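Worksheet for the structure shown next.
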Amino acid sequence: MLVKTRSASAEEITFYGIDGEEAENFLRTIRKRALMEGKQRDNAWIADFAALCFAGDALRWYETLDDDVQLDWSKLRRAILDWLPNTAPRPTDPSSAPQAARAASPALAASPTAASAPAPAPPTPLNTAAFAQERTVPFLEGSFQITSLNGNSMGYLSRAMDADATYPRTNSRYSALRVSFALLQDRHTIKLLDLSGGDQFLGLTWRNLAPSDWTKSEKYTAAIVPMSFFPSETKWKSANVQDKGASQHHIWSLSRDKTLQASFIDNAGGAHRLQSVASKGERIRFVRDVEKFIKNDPNYTQVARLDIVFLRLVFVPDE
């Protein structure tokens with residue numbers, strides 16, 4: 001971890017998640033900075049500041065955390081210590097030090113007292129491999145192939161955004177959007193790779209729909225957008241400044257057949273499993289219920305319903 005001066009910014013404090021010692025040093029450094037800023041009681045401010053310091057494996061691990069942990073320093077610091085326990089051997093009991101010294105000295109070793117003192121048993125080696133295995137999170141990198149329900153390929157999710165500021169379809173895998181994520185059973189985040197403009201993550205936004213409105217009609221659709229954390233507002237938002245609707249990024253999971261799944265959370269904490277559809281054969285959208293969506297949108301014909309509307313986004317790992 002690199003810490004430069006008293007006026008160090010978040011960019012000058014870097015936490016890589018190497019081991020328990022680095023984790024403890026990171027926590028102390030963050031606490032000192034919060035104290036200097038008069039924010040030592042502000043868990044939200046500290047969490048937002050600390051979030052800017054994660055890099056490498058630590059950043060990947062951080063993005064697997066639930067939002068309530070990411071946004072609360074009291075929870076985040078405990079999560080860090082749980083992830084990186086201090087595996088260093090405990091110091092030898094001070095009371096055994098004189099005996100060890102006598103055993104090592106020829107003069108003292110000849111005395112009856114020293115001869116009768118049993119040599120201290122060697123410390124039991126720690127199984128550090130077990131710790132490493134416990135905190136190892138498998139990460140995957142690849143892209144998303146668009147297929148029909150019968151498995152026919154329809155291209156890939158493109159890395160180039162369209163005029164609607166969302167990710168459309170592309171025929172070439174070379175122009176596909178590349179992503180990285182942890183293989184977890186619960187909801188997680190998906191990081192976007194090979195993009196400029198800082199860290200961005202795959203998200204969904206219900207454009208122009210407030211968090212309390214997107215559940216009111218089955219005809220509403222959610223667009224796939226990049227999302228970033230805005231420190232000045234201490235919140236996650238769509239990278240497109242024109243998106244004012246409800247947006248979330250900690251919503252993804254992967255089924256056993258590698259199909260991308262999205263569970264959007266409503267204001268009451270309920271999870272809504274969304275389904276993917278295609279609009280005009282190019283724009284990919286997520287809806288709450290495909291059947292009800294079709295009934296509410298007269299633009300979808302029976303042919304479109306069979307050939308285009310029902311889609312799967314299937315993860316394809318890099319070769």
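Because only heavy atoms are used, hydrogens play no part in the values below, and waters and symmetry mates are left out as well, while side chains stay in. Note that the structure is a prediction, hence the values are computed from the model and not measured.
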Requested in this report: Applying ring pair (Phe, Tyr, Trp, His ring centres under 6.0 Å) between F54 and each of Y16, F15, F49, report the one that passes.
Outcome: F15
**Report entry** Gap between atom CD1 of I80 and atom CD of E24 - 0.5 Å precision
**Finding:** 11.5 Å
Query raised in the report: Can you say whether the rings of W206 and W214 are parallel (under 30°), tilted (30 to 60°) or perpendicular (over 60°)?
Result: parallel
Report task. Indicate whether the side chain of T215 and that of R288 have a donor and an acceptor atom separated by less than 3.5 Å. Result -> no
Report summary line: OG1 (T170) and CG (D162) are apart, to the nearest 0.5 Å, by 12.0 Å
**Report entry** Heavy-atom pair with the smallest gap, counting every atom of A55 and T14
**Finding:** CB-CG2, 3.7 Å
Query - Sequence-distant partners of W252, ring-ring contact (aromatic ring centres under 6.0 Å, His included), two or more places apart - result: F286
Requested in this report: Enter the distance from T189:OG1 to D199:CG here, rounded to the nearest 0.5 Å.
Outcome: 10.5 Å
Query - All side-chain contact (heavy atoms from CB on, under 4.5 Å) counterparts of D67, not counting sequence neighbours - result: Q70, H249, H250
Query raised in the report: Is there a donor-acceptor pair under 3.5 Å between the side chain of S247 and the backbone N or O of G245?
Result: yes
Report summary line: Those residues at least two apart in sequence (or on a different chain) that pass salt bridge (Lys or Arg N to Asp or Glu O under 4.0 Å) with K75 are D68
Query - A47 versus D72, closest heavy-atom pair with distance - result: CB-N, 3.8 Å
**Report entry** Interatomic distance, L313 atom CG to R169 atom CZ [nearest 0.5 angstrom]
**Finding:** 12.5 Å
Query raised in the report: Does NZ belonging to K258 count more than 12 external heavy atoms closer than 6.0 Å?
Result: no
Query - Which residues share a side-chain hydrogen bond (donor to acceptor under 3.5 Å, both in side chains) with D213, sequence neighbours left out - result: K216
**Report entry** Partners passing salt bridge (Lys or Arg N to Asp or Glu O under 4.0 Å) against R159 (at least two apart in sequence or in another chain)
**Finding:** none
**Report entry** Contacts of D42 that satisfy side-chain hydrogen bond (donor to acceptor under 3.5 Å, both in side chains) - sequence neighbours left out
**Finding:** none
Report task. Decide whether L59 and W83 are clustered together by the hydrophobic rule: side chain heavy atoms of Ile, Leu, Val, Met, Phe, Trp, Tyr closer than 4.5 Å, transitively. Result -> yes
Requested in this report: Report yes if some heavy atom in the side chain of I13 is under 4.5 Å from a heavy atom in the side chain of F26; otherwise report no.
Outcome: yes
Query raised in the report: In terms of hydrophobic clustering (I, L, V, M, F, W, Y; side-chain heavy atoms under 4.5 Å; direct or indirect links), are Y156 and I146 co-clustered?
Result: no
Query raised in the report: Taking only residues two or more places apart in sequence or in another chain, which ones pass side-chain hydrogen bond (donor to acceptor under 3.5 Å, both in side chains) with D257?
Result: S255, T259, R312
Report task. Determine, step by step, whether F181 and L202 satisfy the side-chain contact (heavy atoms from CB on, under 4.5 Å) criterion, reporting the C-alpha distance in whole Å, the side-chain angles of both residues, the deciding distance to 0.1 Å, and the verdict. Result -> CA-CA 10 Å; F181 59 92; L202 196 69; over 6 Å; no
Query raised in the report: Taking everything shown except N43 itself, do over 12 heavy atoms lie less than 6.0 Å from its CG?
Result: yes
Report task. Group every Ile, Leu, Val, Met, Phe, Trp and Tyr by side-chain heavy-atom contacts under 4.5 Å, then state whether L209 and I265 land in the same group. Result -> no
Report summary line: All heavy atoms of D266 vs all of H272, minimum pair found to be OD2-NE2, 2.8 Å
Query raised in the report: Considering residues at least two apart in sequence or located in another chain, which fulfil the salt bridge (Lys or Arg N to Asp or Glu O under 4.0 Å) criterion with D289?
Result: none
Query raised in the report: Please walk me through it: do L204 and I224 pass side-chain contact (heavy atoms from CB on, under 4.5 Å)?
Result: CA-CA 5 Å; L204 289 179; I224 305 175; 3.8 Å; yes
Query - ILVMFWY network linking W73 to W61, side-chain heavy atoms under 4.5 angstrom - result: yes
Report summary line: With sequence neighbours left out, the residues meeting side-chain hydrogen bond (donor to acceptor under 3.5 Å, both in side chains) with R77 are none
Query raised in the report: Does a donor on one side chain and an acceptor on the other come within less than 3.5 Å for R178 and S143?
Result: no
Requested in this report: Indicate, with yes or no, if L193 and I190 share a hydrophobic cluster defined by side-chain heavy-atom contacts under 4.5 Å among Ile, Leu, Val, Met, Phe, Trp and Tyr.
Outcome: no
Query raised in the report: Which heavy-atom pair separates R60 from S180 by the least distance, and what is that distance?
Result: NH1-OG, 2.8 Å
Query raised in the report: Counting N and O atoms only, with roles assigned by atom type, does the side chain of S263 sit under 3.5 Å from a partner on the main chain of A271, one being a donor and the other an acceptor?
Result: no
Report task. Keeping the roles fixed (side chain from S228, backbone from Q200), state whether a donor-acceptor pair exists under 3.5 Å. Result -> no
**Report entry** Non-hydrogen atoms of V316 and Q145 that approach each other most closely
**Finding:** CG2-CB, 3.7 Å
**Report entry** Residues clustering with L35 (ILVMFWY side chains joined when closer than 4.5 Å, directly or via others)
**Finding:** none
Query - Residue pair L27, L81: steps toward the side-chain contact (heavy atoms from CB on, under 4.5 Å) verdict - result: CA-CA 9 Å; L27 263 60; L81 294 179; 3.9 Å; yes
Query raised in the report: With ILVMFWY side chains joined below 4.5 Å, transitively, what does M227's cluster contain besides itself?
Result: F201, V225, F229, W236
Query raised in the report: Can a donor-acceptor pair be found between the side chains of T205 and S238 at a distance below 3.5 Å?
Result: no
Query raised in the report: Which value, rounded to the nearest 0.5 Å, describes the distance between I284 atom CD1 and M154 atom CE?
Result: 7.0 Å
**Report entry** Point-to-point distance, once rounded to the nearest 0.5 Å, from CG of L260 to CG of L157
**Finding:** 9.0 Å
Report task. Output, in order, the C-alpha distance, side-chain angles, deciding distance and verdict of side-chain contact (heavy atoms from CB on, under 4.5 Å) for L192 and Y167. Result -> CA-CA 12 Å; L192 307 182; Y167 294 111; 3.4 Å; yes
Query raised in the report: Should we say atom CD of E37 is surrounded by more than 12 heavy atoms from elsewhere, each under 6.0 Å from it?
Result: yes
Query raised in the report: Who else is in L71's hydrophobic cluster (ILVMFWY, side-chain heavy atoms under 4.5 Å, direct or via others)?
Result: none
Query raised in the report: Is a side-chain N or O of E63 found less than 3.5 angstrom from the main chain of K191, in a donor-acceptor match?
Result: no
